[in-house]
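Any value given below was found using the heavy atoms of this structure, including those in side chains, with hydrogens, waters and symmetry copies removed. Count residues from 1 along the sequence. On a predicted model such as this, the values are computed, not experimentally measured, just so you know.
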Amino acid sequence: MNFLAFLLLGLIAGAIAKAILPGKQGGGWIATLILGVIGAILGGWIGSLFGSGTAGFFDLVSWIWSIIGALIVLIIWGFITKRRAA
């Protein structure tokens with residue numbers, strides 16, 4: 001997958017993950033992009049462990065793993081920011 005498509009996939013996956021998770025997550029679109037890209041990388045890595053990584057931009061499996069990875073990253077980010085705020 002080329003770099004710009006990967007950034008777009010990360011941005012959209014991060015936005016979808018923020019919409020799925022309950023509560024308020026901080027950060028604007030730049031934080032969403034960064035967390036989404038990290039989540040897409042994590043999701044691709046997890047998917048490759050099961051034999052289906054991020055194959056292409058229009059591949060449904062890539063989107064599902066990217067969203068799952070973004071959800072994991074957002075949950076971890078939520079634990080980090082809540083602990084720092086307390």
Exercise for review: For I72, enumerate each residue passing the side-chain contact (heavy atoms from CB on, under 4.5 Å) test, keeping only those at least two apart in sequence or located in another chain.
Suggested key: L42, I46, I68, I76
Revision key, fill the gap. One should read off an interatomic distance between L11 CG and L35 CG, to the nearest 0.5 angstrom, of 11.0 Å
Revision key, fill the gap. In short, L9 meets S66 closest at the heavy-atom pair CD2-OG, 3.4 Å
Review point. With sequence neighbours excluded, what pairs up with L71 under the side-chain contact (heavy atoms from CB on, under 4.5 Å) test?
Key: A17, I20, L21, I67
